Amino acid sequence: MIAFLRGRFLPRCARLGAITLMWATCAHAELSLLPYPQHLQQHEGSFVLNKQVVLDAPADARGREIAGFLRDAIRVQAGVSLPEHAKAGDGTRIELRIDPAVRGDEAYRLTVTPQRITLSASSDKGLFWGVQTLRQLMPRQPSSQSVASIPALQIDDAPAFVYRGHMLDVGRHFYPLAFVKKQIDLMSYYKLNTFRWHLTEDQGWRIEIKKYPNLTKFGAWRTEPDGSRHGGYYTQDQIRELVEYARQRNVMVIPEIEMPGHSSAAVAAYPQLSCSKKPIDVPNGWGVFKHVYCVGDEAAFTFVQDVLDEVIPLFPAPYMHIGGDEVPAGAWADCSSCAPLMQKLGIKDEAGLQSYFVKRIQTYLAGKGKTMIGWDEILEGGVDRSAVIEIWRGEAEGRKALANGNRIVNAGPYYLDSPLSELTLEAIYRVNPLGDPQYAAQRERVLGAEAPLWSEHADPLNAEAMLYPRLLAFAERLWRGGAVNAAAFADFRQRLQAQYAQLDAWQVGYGPEDRNLVEYSMSSNDRHDGWQLHAKRGFDDLQNHYTTDGSEPSAASPYFTEVLDVAAPGTIRVTPFRQGRPYQHPRTFKLSSNLALGGSVSFDPSPSPRYSKNSATALIDGVLGSDEFKDGAWLGWEETDPRITVDLHRPTAVREISIGLLQRAESWVLLPAQVSFSVSDDQVHWTPLQTVTPTPVGLDKQAHLQRVAFSAVQPLSTRFIRIEVQRHSKLDGRNTWTFADEILVR
Ligand code: ACM
Ligand code: ZN
């Protein structure tokens with residue numbers, strides 16, 4: 001693929017516009033800089049890194065720090081230790097200097113000749129980015145075969161956007177500090193300058209607040225559906241450590257403390273914060289929760305302001321993100337504190353109440369010298385124009401914010417939790433951050449963009465496969481700006497290939513560019529005496545390690561590449577590995593023997609085509625569903641009573657017939673009211689067997705799997721089986737769904 005691209009697309013020098021360049025110079029120019037600089041002109045020759053090179057830098061603290069960072073990089077990448085103290089002389093030199101003539105806060109100019117490297121910028125920010133460019137121009141690691149050199153060139157570079165951000169949701173899943181530091185290293189290497197730390201969520205509070213110890217004692221921990229505990233938090237010392245680590249690397253850290261919604265973990269720790277004041281558990285499912293702060297109760301403001309008082313000193317950034325998204329309708333309805341407040345202030349609706357809350361917090365933050373950032377919901381009911389609005393629900397919200405006079409950061413097109421097959425590397429690259437005409441017309445108030453990783457389905461094991469390489473496409477686009485075409489993407493992609501060796505060296509578990517890491521599917525084999533597990537792989541060197549005893553697969557477990565034949569029922573667990581490293585948590589398949597294997601099924605009406613690709617066999621293939629109705633094993637019917645008929649193809653002695661059903665109330669998937677079983681030899685005369693009522697379960701956010709069965713006292717002989725399901729209709733006014741995974745005949 002790389003060779004193909006090299007042949008097809010313009011060599012980079014054709015873009016440089018450097019008419020003086022000889023073709024020969026160009027042909028061996030392999031500068032895989034990423035992001036690619038705004039202007040680069042390559043020259044003859046190179047600068048050799050050796051022990052005689054003198055490094056000269058501004059004498060202030062940051063100048064010395066940046067020089068130290070470069071010295072470390074030269075030692076690690078070139079194997080050369082430069083002298084600690086600059087000596088006068090006419091030897092080769094690297095000179096870092098502040099030069100106000102280089103215009104732009106993050107701009108830099110880098111001139112490399114065989115005698116001298118000169119890096120100049122008007123600020124330490126620009127100097128630091130120039131050092132990162134130098135690192136990309138150096139060898140990745142020392143080599144005994146060749147001298148370490150940097151090609152002669154001139155670069156004039158500056159970012160198109162001032163806000164080039166990545167957000168990590170550490171609330172849904174906790175990430176250790178070492179993981180976060182690694183991402184800061186990567187962001188900095190690719191010149192992203194803003195790390196947004198999403199520190200509080202419904203499912204976990206992750207920052208120590210000394211005045212409210214229960215936030216981390218209780219709010220940082222949850223019991224998972226399987227009974228295990230998940231959680232963790234950062235102490236204030238750890239927060240300071242990370243902020244300092246990021247500062248050294250030119251990355252600003254902006255915390256997000258969610259309010260008034262996404263606050264279940266805080267409410268679990270301090271129930272008096274909510275309208276109902278009732279105790280709750282820290283949730284272990286996903287969705288939008290109604291446990292929000294009671295805006296009618298002054299105690300909630302006291303709490304939020306106390307929390308902000310502890311958070312603000314930890315983060316020198318001028319911004320504070322308060323979330324503000326997804327307060328569910330009705331959250332404040334019927335509250336004996338919120339209703340009178342609304343009446344007193346003449347507030348008509350919940351948007352007005354949210355706006356009242358947001359404006360008070362904004363005023364509080366302004367008093368502490370902080371600019372508030374919030375998700376685009378904070379526009380509802382009106383918000384002061386000094387707030388920065390983070391856009392996630394589409395460009396119409398961005399237009400609204402710009403029309404209101406606010407500055408914006410665009411996040412919607414960059415949700416990195418989207419599957420790779422749906423949001424490909426190229427799709428990210430192709431987004432024009434100024435694609436909307438109004439955005440372009442209000443250019444100075446479009447600060448930039450942010451690529452969030454929400455962590456419902458991400459954690460330290462699989463997050464890097466979602467982040468990379470897409471975050472590199474994002475980094476280049478935000479740095480370079482402008483519109484792109486296919487040739488520009490191909491050029492980026494070619495340079496990206498050279499980055500993979502670097503990512504491998506840093507043990508970054510990046511994912512594929514345009515396919516999911518792996519897609520597993522289990523089906524019965526053609527002989528109907530066993531199964532086949534298929535793996536559609538995103539990498540050719542991906543190996544699927546598996547176990548059959550229920551244990552977690554390791555690198556020592558047997559593996560397959562594309563197809564595994566499974567002869568016996570039981571539990572198969574499979575984990576994708578590359579280079580000995582697991583990339584995801586295991587996927588579990590439960591297989592059951594089933595006399596209906598090889599039979600056929602008909603439906604009235606047909607199930608939704610959305611959930612299983614094999615609706616003809618999914619209910620009789622012996623593959624049981626997990627608690628996730630999108631796993632391919634489930635069939636779903638919306639607001640209808642399905643009748644399912646199984647043809648066993650021959651008279652068969654049957655002792656038991658059962659159907660597996662699911663409830664996920666938060667997705668309007670309900671267990672049915674009744675299930676009726678009948679049998680027939682000719683599909684004309686049906687013998688009713690039994691009508692069974694599933695055991696009722698609560699309308700909570702848990703997954704409830706239930707197998708509803710008819711058991712015969714004596715084995716009966718039949719060819720056809722019919723199951724009729726009667727649903728519970730409508731939940732909160734919305735259509736309900738019936739989901740079934742398997743009809744087992746024994
Ligand atoms: C969001 O995705 N709720 C900002
Ligand atoms: Zn209330």
Side-chain angles (χ1 to χ4, degrees), residues 165-172 196-203 254-264 266-267 270-278 280 283 286-304 321-345 347 349-354 356-358 360 372-380 387-398 401 408-418 423 449-458 466:
H166 158 51
M167 186 213 83
L168 184 64
D169 164 16
V170 299
R172 266 62 174 250
R196 277 254 301 99
W197 214 353
H198 185 85
L199 283 164
T200 71
E201 252 308 334
D202 290 304
Q203 297 85 2
I254 303 176
E256 179 173 356
I257 305 294
E258 277 265 20
M259 60 187 83
H262 287 287
S263 299
S264 303
V267 169
Y270 295 99
Q272 61 269 33
L273 291 171
S274 73
C275 291
S276 80
K277 321 238 177 277
K278 288 200 186 114
I280 58 164
W286 317 123
V288 172
F289 295 79
K290 62 177 190 293
H291 313 290
V292 308
Y293 297 144
C294 177
V295 177
D297 188 344
E298 277 303 308
F301 284 95
T302 304
F303 167 81
V304 165
H321 202 305
I322 59 116
D325 57 320
E326 296 188 315
V327 172
W332 294 302
D334 313 321
C335 171
S336 60
S337 303
C338 290
L341 178 74
M342 289 172 75
Q343 208 163 28
K344 185 174 130 203
L345 300 176
I347 294 171
D349 53 14
E350 295 195 318
L353 199 55
Q354 156 116 348
Y356 163 78
F357 175 85
V358 167
R360 267 188 71 170
M372 184 179 77
I373 311 184
W375 296 103
D376 55 46
E377 283 95 332
I378 70 170
L379 288 167
E380 288 162 16
V388 174
I389 312 294
E390 182 159 11
I391 307 302
W392 74 283
R393 294 180 303 172
E395 285 172 351
E397 295 296 322
I408 65 168
V409 170
N410 195 16
Y414 304 110
Y415 271 33
L416 297 180
D417 47 318
S418 310
L423 185 62
E450 177 167 294
L453 181 65
W454 297 102
S455 293
E456 284 93 338
H457 305 290
M466 302 187 204

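Numbering starts at 1 and runs along the sequence shown. The figures that follow rest on heavy atoms only: side chains count, while hydrogens, waters and symmetry mates do not. For clarity, every value in this text was computed on a predicted model and none was experimentally measured. Just follow the structure's listing: the first ligand is 1, and inside any ligand the first atom is 1.
Angle SG(Cys275) to the Zn ion (ligand 2) to SG(Cys335): 100° [nearest 10 degrees]. Vertex the Zn ion (ligand 2); arms to Cys294 atom SG and Cys338 atom SG; angle 110° (nearest 10°).
Less than 4.0 angstrom separates some heavy atom of Trp454 from each of these atoms of ligand 1: 1 (C), 2 (O), 4 (C). Every atom of ligand 1 with a heavy atom of Glu326 under 4.0 Å away is listed here by number and element: 3 (N).
For ligand 1, the polar-atom distance check finds no N/O of Trp375 at less than 3.5 Å from any of the ligand's N/O atoms.
Under the 30°/60° scheme for interplanar angles, the aromatic rings of Tyr415 and Trp454 are found to be tilted. Between Trp286 and His457, the angle of the ring planes goes over 60°, which puts this pair in the perpendicular group of the 30/60° scheme. Note: His321 and Trp375 have tilted aromatic rings, judged against thresholds of 30 and 60 degrees for the angle between ring planes.
Proximity of Tyr414 to Glu450: side-chain heavy atoms (C-beta onward) are nowhere separated by under 4.5 Å.
Tested against Asp325, the residues Glu377, Arg393, Glu390 include a single side-chain contact (heavy atoms from CB on, under 4.5 Å) partner, Glu377.
Of the N and O atoms on the side chains of Trp332 and Gln354, not one donor lies less than 3.5 Å from an acceptor on the other residue.
Looking at atom 3 (N) of ligand 1, its nearest protein heavy atom turns out to be Asp325 OD2, 2.6 Å. Ranking protein heavy atoms by distance to atom 2 (O) of ligand 1, first place goes to Tyr415 OH, 2.6 Å.
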